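Note sheet for the following structure.
Residue numbering restarts at 1 for every chain, and letters A, B, ... go by the order of the sequence lines. It should be emphasised that the depicted structure is a prediction, and the values quoted were computed from it without experimental measurement.
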Amino acid sequence: MSELPKQYDPKQVEGKIYQQWLDGGYFHAQRDPDKKPFTIVIPPPNVTGQLHLGHAVDETIQDVLIRYKRMKGYAALWLPGCDHAGIATQIKVEENLRVNEGLTRFDLGREKFLDRVWDWKNKYGDRIVQQLKTLGSSCDWDRQRFTMDEGCSKAVREVFCSLYEKGLIYKGKRIINWCPHCTTALSDAEVEYEEKPGHLWHLRYPLADGSGDVIVATTRPETMLGDTGVAVNPNDERYKDIVGKTCILPLVGREMPIVADEYVDMAFGTGCVKMTPCHDPNDFEVGLRHNLEQILVIDDNGCIINGGKYNGMDRYEARKAILADLEEQGYLVKVEEHVHNVGTCYRCHSDVEPLASDQWFVKMEPLAKEAIRVVEDGTIKFVPDRFAKTYLNWMHNVRDWCISRQLWWGHQIPAWYCADCGHVTVSREDACQCEKCGSKNITRDPDVLDTWFSSALWPFSTLGWPDKTEDLEYFYPTDVLVTGYDIIFFWVARMIFSGMEHMKKEPFKTVLIHGLVRDPHGKKMSKSAGNGVDPIEVIDQYGADALRFNLITGNSPGNDMRFYVERCEAMRNFANKLWNAARYVMMNLTVRENELPPELKLEDKWILSKLQSLIAEVNENFDKYELGLAATKIYDFIWDSFCDWYIEITKPRLRAGDESAQRVLLYVLTDVLRLLHPFMPFITEEIYGAIPHSGKALIVETYPEFDQALSFPQEEADFELVMEAVKAVRSRRAEMNVPPSKRPHITLVTEKTDVFRAGTVYMSDLAFAGAVNVTAQAPADTAGMVTVVTSQAKLYMPLAELVDLAKERERIAKELARAEQDIANQQRKLANESFVSRAPERVVSAERDKLAKAQALAENLRASLANLG
RNA sequence: GGAGGCUUAGCUCAGCAGGUUAGAGCGCAUGCUUCACACGCAUGAGGUCGCGCGUUCGAGUCGCGCAGUCUCCACCA
């Protein structure tokens, strides 16, 4: 086996191993009545997108969970797929069209444009899938889905029609958020608010009867063109007498009513509010209550309409012109600085324009009820659970969901309008005639549905719904949904109410939330900032295992993490450490069967016992989704316990040709590979293939379970005493600058001679000393010898010539003082009755042990001191 | 205006059913071509666990308050 290279090279391994897994069909989840299902659906990445670190964390977590459950014997299904990503994809294709051919989508027409998008999808749709594979994702690629494939489209159609029939989808004129750049409506969730400095302009509107005027304040003066009234609070004494009067809109000349409405806050501004029903949601409501006229003054492109001389101007251009005119004509009373939140489009970050528009909505209140219930009663659990609060808060205040988008790429709304009778036909099959009057003079609604409308169905549409498939029966509800906190509202919330409504069953039991990956300065990674890190490049340099381990360890659930390439280096080093440990074990292997020897030595019991604790803890961590903790513990075990101690300790035995040591090494190594596999699948599989093994592949091996028969607490503690002695000798030697070449024989005096004798062989090796003689009796002549004292032993080293006696005395005195301090502390603690009676037994006995140790140590030190004279 | 997170070693972060001497990686210092690994080994320096009060026999760990910082939700024209 010595042909293995000294350094582990992921590039030589990862592609090959992934292909082996594919060839073995290990990713494919077989329905099996004898197994329990475990299902995760992937948060579908944008079909033409590229893998970024955000995906990388998300996918790694899912892959770790799926691999763990697969090894645990579940029928583990990780269902992959992509999202058509309406706005994002359409914008990209349009941009491409504009740059390369100077065309708009309207130049091509709907059908041809959609052909182009499909071309684009087919060209780039595979890229992200390939990238997921380089990460090691063990998705069931046979079940790969796309939100616009036939099945998902059928599900979307079914849901739309069914909700429409129940009256939960309606079309209506509301104030919606309009992006003039993307020229489409947006849902509330798609608007991001940014604080921007602005102004508060105070305008004077003269009363029609000439008896005075009202002063209104606005942050968006251009909307005044659409004003159709002024509102005051009914309890406002200042304005009691003008309610019912009319005023004249400057520049336009329109006569408008002054109405009283509770909505107006008397304390803000002047207490008079201009009403623009078509461009402000509150004004819209007030307008409905008081029958105010609705005049739309900003069009789909953000330009003025119905605004006389300002028609055609861009909204911000119009603002300037209008302000200039108002000022010139004496209507501008004053201007204040005013910071306010401006809504922007989450895709293009243009300022969103609120405007009245005919759109399709999902009525949320009835749907929210169940969605709230299942989280409140714990049917669905959030991890960490603080995100349940976030979710519930949103769900409690949710407003109707605007689902129509003025795009072409997506699921076209299945509604047909009759030109003759005006009836709307909503149908599962494409309609040829009006269902009411039979007229063939019908046209289909050109709009498509919000992308999230189809993602909302993902946990069941991908399993075959609305058909009653065996997959759906077996794998639904899914188990864990893994995602970042940034899409709880977009996606998680909508899957929950959709699942409850259409399946009558929660879509998943646990929502595992992770944070965002940020750059080293804590900033969000973005293309525009140029601080993004390409995971593919990281994999190329350090390997997928290193990247995965970096992303899994070192941060707590739900918290953001900063990405440091240096950490990948550390993880790469860890992989290399494991590689070399395995290489060493193999180089010394003469046995072929992986079985523990009948007789175990002290150190064997120690490592096996440590291993059992590790196994127990890791399994527990998994159950609590503490993946980072589990990974860290495995890391520590491999590096510290296994490599730095056990391998070193067994070297003399291996040299002597001891087979039992080989067997224990192989046993522990194998378990460690199984433990680590979900986190570092490639290197563990590669090593597994090279050592004696019985299974087909590590990926389908069983995950280690705690084995009581291999837990040896007493031997574990005993061996720690030996370690203590070794460390003490090393420390002392370093302190005295003893050259490594100097290998004095050591006399170790202890009452626990059995324990220490078991350790002499490797003690002499580890501490770079000569032979170790373990005895219960102190040597007769120890004068001038260097002594090293531990709680259970006293070691004599003939290195007196290196020691300044005075210094030595000083050092021991210092140690003694510390020990005595410890004794005093412990005695005080144990003298406290409350402590002894109230603290748990394990704690009290730990304190007693500590006291005993300190006392023993002090005694040894005193003897040493006396010995020095 | 509400809600929540974070504050632990020079840096980035773990930690907690309250209970040995608070950990890791990187960095730093010293010594090692020890026959798995210098992507390594050994030894070591470095921490009033943001501040204050409280609960407790005992508090980085629980409660309250304060400060700094970040985020989300809502939004008054």
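A salt bridge does not link A:Arg315 to A:Asp351: none of the charged side-chain nitrogens sits closer than 4.0 Å to a carboxylate oxygen. In summary, A:Lys727 and A:Glu724 do not engage in a salt bridge, as defined by a charged side-chain N under 4.0 Å from a carboxylate O. At a threshold of 4.0 Å, the pair A:Arg220-A:Glu353 counts as salt-bridged, since one of the basic side-chain nitrogens sits closer than that to a carboxylate oxygen. In summary, A:Lys11 and A:Asp9 do not engage in a salt bridge, as defined by a charged side-chain N under 4.0 Å from a carboxylate O.
The closest side-chain donor-acceptor pair between A:Asp227 and A:Tyr205 falls under 3.5 angstrom.
With a 6.0 Å cutoff to the six-membered ring centre and a 45° limit on the axis angle, A:Lys577 does not count as a cation-pi contact of A:Phe642.
B:A22 and B:U48 are spaced 13 Å apart, taking the C1' atom of each and rounding to whole Å. B:G25 sits 10 Å from B:A14 when the C1' atoms are compared, rounded to a whole Å. B:C51 and B:G68 have their C1' atoms separated by 11 Å, with the value rounded to a whole Å. Rounded to a whole angstrom, the distance from the P atom of B:G46 to that of B:G10 is 11 Å. Nucleotides B:C26 and B:G63 have their C1' atoms positioned 37 Å apart, rounded to a whole Å. Taking atom P on both nucleotides, B:C53 is separated from B:U12 by 29 Å, rounded to a whole Å. With C1' as the reference atom, B:C41 and B:G52 are 47 Å apart, rounded to whole Å. Taking atom C1' on both B:A17 and B:G58, the two are 15 Å apart, rounded to the nearest angstrom.
Closest approach to the A:Ala734 side chain among B:U43, B:G40, B:A36 is made by B:U43 (side chain taken as heavy atoms from C-beta onward). The listed nucleotides are B:A77, B:C37, B:A36; the one nearest the side chain of A:Ile647 is B:A36. Here B:A77 is the nucleotide among B:A36, B:C73, B:A77 with the atom lying nearest to any side-chain atom of A:Phe268. Among B:G25, B:A14, B:A36, the nucleotide with an atom closest to any side-chain atom of A:Tyr635 is B:G25. Here the nucleotide nearest the side chain of A:Arg583, chosen from B:A36, B:A77, B:G44, is B:A36. Residue A:Lys389 has its side chain nearest to B:G4 when only B:G4, B:G40, B:G25 are considered. When the nucleotides B:U71, B:C6, B:A42 are ranked by their closest atom to the side chain of A:Asn559, B:C6 comes out on top.
Backbone-only contact: A:Ala570 has heavy atoms under 4.0 Å from sugar-phosphate atoms and none from a base. When heavy atoms are screened at a 4.0 angstrom cut-off, A:Tyr193 is found touching base atoms of the nucleic acid. Within the 4.0 angstrom heavy-atom criterion, only backbone atoms of the sugar-phosphate kind lie near A:Phe489; the bases stay farther away. The residue A:His396 sits apart from the nucleic acid: no heavy atom pair falls under 4.0 Å. At a threshold of 4.0 angstrom between heavy atoms, the contacts of A:Arg399 are confined to the sugar-phosphate backbone, with no base atom among them. Contact annotation for A:Asp636: no contact, since no heavy-atom pair falls under 4.0 Å across all strands.
Taking 4.0 angstrom as the limit, A:Lys577 places a side-chain polar atom (N or O) nearer than this to OP1 or OP2 of B:C41. The side chain of A:Arg386 contributes no N or O atom lying less than 4.0 Å from OP1 or OP2 of B:G4. Within the 4.0 Å cut-off from OP1 or OP2 of B:C13, at least one side-chain nitrogen or oxygen of A:Arg562 is found. At the phosphate of B:A77, neither OP1 nor OP2 sits under 4.0 Å from any side-chain N or O atom of A:His202. Applying the 4.0 Å criterion to OP1 and OP2 of B:A36, one finds that A:Lys651 has a side-chain N or O inside that range. An OP1 or OP2 oxygen of B:U30 is reached within less than 4.0 angstrom by no side-chain nitrogen or oxygen of A:Asn737. For the pair A:Trp639 and B:C41, the criterion of a side-chain N or O lying under 4.0 Å from OP1 or OP2 is met. Regarding contacts with the backbone of B:C13, every side-chain N or O of A:Ser556 stays at 4.0 angstrom or more from both OP1 and OP2. Between A:Thr218 and B:A77, a side-chain N or O to OP1/OP2 separation shorter than 4.0 Å is absent. For B:A14, neither phosphate oxygen OP1 nor OP2 lies less than 4.0 angstrom from any side-chain nitrogen or oxygen of A:Asn555.
Rounded to an integer number of Å, the gap from CG of A:Leu589 to P of B:A36 is 15 Å. Across the protein-nucleic acid pair, A:Tyr263 atom OH and B:C75 atom P stand 11 Å apart, rounded to whole Å. As rounded to whole Å, 13 Å separates atom C1' of B:G1 from atom CD of A:Glu195. The nearest whole Å value for the distance from the CZ atom in A:Phe387 to the P atom in B:G5 is 9 Å. Separating the OH atom of A:Tyr485 from the C1' atom of B:C6 is a distance of 11 Å, rounded to the nearest angstrom. Atom CD in A:Glu194 sits about 16 Å away from atom C1' in B:C75, given to the nearest Å. Summarising the geometry, the separation between CG on A:Asp188 and P on B:C73 is reported as 11 Å, rounded to the nearest angstrom. Nucleotide B:A77 holds its C1' atom 15 Å from the CD1 atom of A:Ile215, rounded to whole Å.
For the side-chain contact (heavy atoms from CB on, under 4.5 Å) test with A:Trp201, the passing option among A:Leu326, A:Thr219, A:Leu323, A:Ile322 is A:Leu323; the others fail.
Between A:Val264 and A:Glu626, the residue anchored nearer the 5' end of RNA chain B, judged by the nucleotide with its closest heavy atom, is A:Glu626. Residue order along RNA chain B, read from the 5' end via each residue's closest nucleotide, puts A:Asn397 first among A:Asn397 and A:Asn282.
When both distances must be under 3.5 Å, the Watson-Crick or G-U wobble mate of B:G68 is B:C6. Base pairing of B:G60 is not made with any nucleotide, judged by Watson-Crick or G-U wobble geometry with both donor-acceptor distances under 3.5 Å. Pair assignment for B:C35: none, as no Watson-Crick or G-U wobble contacts are both less than 3.5 Å. Figure legend. B:A29 is base-paired to B:U43; pairs are counted as Watson-Crick or G-U wobble with both atom distances under 3.5 Å. Figure legend. B:U12 is base-paired to B:A24; pairs are counted as Watson-Crick or G-U wobble with both atom distances under 3.5 Å. Using Watson-Crick or G-U wobble geometry with both donor-acceptor distances under 3.5 Å, B:G18 finds no partner in any strand shown.
A:Ile691 contributes atom CD1, which lies 4.5 Å from atom CG of A:Leu669 (distance to the nearest 0.5 angstrom).
A 6.0 Å sphere centred on CZ of A:Arg238 holds more than 12 heavy atoms belonging to other residues, nucleotides or ligands.
Side-chain N/O atoms of A:Asn576 and base N/O atoms of B:C37 include no donor-acceptor pair closer than 3.5 Å.
Annotated as anti: B:G54, whose O4'-C1'-N torsion sits more than 90° from 0.
Between A:Phe679 and A:Phe549, the ring planes are perpendicular. Angles over 60° get that label, and only those under 30° would be called parallel.
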